[in-house]
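To start, the structure itself, in structure tokens.
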Amino acid sequence: MTDQIARLRITLDDIEPVIWRRVELPLSNNFKTLHLAIQAVMLFENYHLFRFDVGEASYGIRFDNDYMDPPTRNAGNRRLAKLVERGITDFTYTYDFGDDWRHSVVIEEVLPADPTADYPRFVDGQRRAPPEDVGGPPGFEAFLDAMAKPRHPEHKSVLQWYGRIFDPTDISPGEVRARMATLAKRRASGKAAHASKNA
């Protein structure tokens, strides 16, 4: 039987113009893999904590002193297939609780996997995601303003902080695909190890 994949659209909330990505992941993948895929396509660095919110349930990294109500469940234990079975098509993903990057995630469709493709796979998207630790949506807006105006009093300092010119329209598809290829390779080697263990 051909594996099935979910095509998802991930939109960064509270930012205009809209920053979004479309990805495809096997239904057998869990939220931990989806988190890594979002990190890859948004060019984040996985420096901070994350959480998926699905209805009343939250999934992320579990801690013994979890103050969340209800407590955060392990992201590695929730597969996309379970959401599809339950008819859930949208949920949220939050990365970096300081900058508070909230994303709306929508399962657009479920499709047969392409046997010649590697998954997770980047499909398309628009606009570059914010750099790490820029200060959330207000900080990103100030960063873009200073970066775009050479005479802005903060231009030199944001350029020095970021290390290069920030082009908000360039999503660096080559870098995104390279990151996704690394993730797909890790997934393939994990599947191969699991298969040989069970052979």
Side-chain angles (χ1 to χ4, degrees), residues 6 8-15 18-83 86 88-107 119-122 125 127-144 158 161-163 166 168 171-172 175-176 178-187 190:
L8 302 103
R9 181 180 161 116
I10 300 130
T11 305
L12 186 55
D13 297 344
D14 306 318
I15 301 284
V18 175
I19 296 168
W20 63 273
R21 303 290 183 270
R22 183 171 284 116
V23 299
E24 294 175 343
L25 284 89
L27 291 186
S28 59
N29 282 177
N30 58 35
F31 274 159
K32 181 100 188 283
T33 303
L34 177 55
H35 157 70
L36 294 173
I38 295 171
Q39 292 290 302
V41 297
M42 290 294 187
L43 299 178
F44 289 141
E45 300 295 338
N46 201 15
Y47 291 156
H48 302 284
L49 295 174
F50 69 94
R51 185 180 69 236
F52 289 94
D53 291 302
V54 184
E56 297 297 310
S58 295
Y59 301 88
I61 297 170
R62 277 201 40 75
F63 294 101
D64 289 338
N65 59 346
D66 191 346
Y67 61 88
M68 296 289 292
D69 185 24
T72 304
R73 302 174 190 184
N74 186 334
N77 293 340
R78 175 56 67 194
R79 300 198 180 278
L80 292 174
K82 266 289 179 223
L83 301 185
R86 292 172 48 201
I88 296 168
T89 57
D90 60 294
F91 50 97
T92 62
Y93 167 78
T94 304
Y95 170 64
D96 181 356
F97 302 136
D99 278 4
D100 202 32
W101 298 119
R102 294 172 194 241
H103 304 69
S104 297
V105 184
V106 176
I107 300 174
Y119 295 99
R121 174 164 75 169
F122 166 66
R127 302 195 64 82
R128 194 173 193 89
E132 292 277 3
D133 303 322
V134 77
F140 185 45
E141 192 175 315
F143 169 83
L144 288 175
V158 296
W161 175 78
Y162 186 63
F166 183 92
I171 64 172
S172 297
E175 186 179 350
V176 167
R179 285 178 169 218
M180 289 296 265
T182 300
L183 190 54
K185 198 178 292 181
R186 216 180 305 159
R187 178 181 174 267

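- A pairwise comparison of heavy atoms in Asp133 and Trp161 identifies O-CZ2, 3.7 Å as the closest pair.
- Between Ile10 and Met42, some side-chain heavy-atom pair lies under the 4.5 Å cut-off.
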Identify each donor-acceptor pair in which a side-chain atom of residues 134-142 lies under 3.5 Å from a protein atom, sequence neighbours left out, and give them as a table.
none

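- Side-chain contact between Tyr95 and Glu132 is present, with heavy atoms from C-beta onward closer than 4.5 Å.
- Asn74 places a side-chain N or O within donor-acceptor distance of the main-chain N or O of Gly76, the cut-off being under 3.5 Å.
- Every residue two or more places apart in sequence or in another chain that forms a ring pair (Phe, Tyr, Trp, His ring centres under 6.0 Å) with His103 is listed here: Tyr93.
- Residues Ile19 and Pro130 form a side-chain contact, since some pair of their non-hydrogen atoms from C-beta on lies under 4.5 Å apart.
- Annotation: side chain of Arg127 is not in contact with side chain of Val18 (no heavy-atom distance under 4.5 Å).
- In this structure, OG1 in Thr72 is found 9.5 Å from CZ in Phe50, a value given to the nearest 0.5 Å.
- Taking 4.5 Å as the limit, every side-chain heavy atom of Leu12 sits out of range of all side-chain heavy atoms of Arg21.
- Across all their heavy atoms, Leu144 and Pro168 have their closest contact at CD2-CB, 4.2 Å.
- The minimum heavy-atom distance between Val106 and Asp90, with the atom names listed, is CG2-CB, 4.2 Å.
- Listed by chain and number, the residues in a side-chain hydrogen bond (donor to acceptor under 3.5 Å, both in side chains) with Thr94 amount to none (sequence neighbours excluded).
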* To do: Kindly indicate, with the supporting measurements, whether the criterion side-chain hydrogen bond (donor to acceptor under 3.5 Å, both in side chains) is fulfilled by Gln39 and Tyr47.
  => CA-CA 10 Å; Gln39 292 290 302; Tyr47 291 156; over 6 Å; no
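- Between Phe97 and His48, the ring centre distance reaches or exceeds 6.0 Å.
- Closest heavy-atom contact between Arg79 and Ser28: NH1-O, 2.5 Å.
- The existence of a salt bridge linking Arg179 and Glu45 is confirmed by a sub-4.0 Å separation between a basic side-chain nitrogen and an acidic carboxylate oxygen.
- Between Leu34 atom CG and Arg78 atom CZ the span is 13.5 Å, to the nearest 0.5 Å.
- Taking the side chain as every heavy atom from C-beta outward, Arg128 and Leu43 approach each other to under 4.5 Å.
- Taking CG of Asp14 as the reference point, atom CH2 of Trp101 lies at 9.5 Å (rounded to 0.5 Å).
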* Asked: Do Asp96 and Phe44 pass the side-chain contact (heavy atoms from CB on, under 4.5 Å) test, and can you show the C-alpha distance, the side-chain angles, and the key distance before you say yes or no?
  -> CA-CA 10 Å; Asp96 181 356; Phe44 289 141; over 6 Å; no
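- Within the 4.5 Å cutoff, side-chain heavy atoms of Leu183 are placed close to those of Pro120.
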* For His35 and Asn46, run side-chain contact (heavy atoms from CB on, under 4.5 Å): C-alpha distance rounded to whole Å, both residues' side-chain angles, the deciding distance at 0.1 Å, then the answer. => CA-CA 9 Å; His35 157 70; Asn46 201 15; 2.8 Å; yes
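- Put simply, the side chain of Arg51 does not reach to within 4.5 Å of the side chain of Leu49, judged on heavy atoms.
- Considering NZ of Lys32 and CG of Asn77, their distance stands at 11.0 Å, rounded to 0.5 Å.
- Residues Phe91 and Tyr59 place their aromatic rings such that the two centres sit no closer than 6.0 Å.
- No donor-acceptor pair under 3.5 Å is formed between the side chain of Arg62 and the backbone N or O of Arg73.
- By the 30° and 60° cut-offs, the orientation of the rings of Phe166 relative to Phe143 is perpendicular.
- Interatomic distance, Leu80 CG to Ile107 CD1, rounded to the nearest 0.5 Å: 6.0 Å.
- Rounding to the nearest 0.5 Å gives a distance of 10.0 Å between CG of Leu36 and CG of Leu25.
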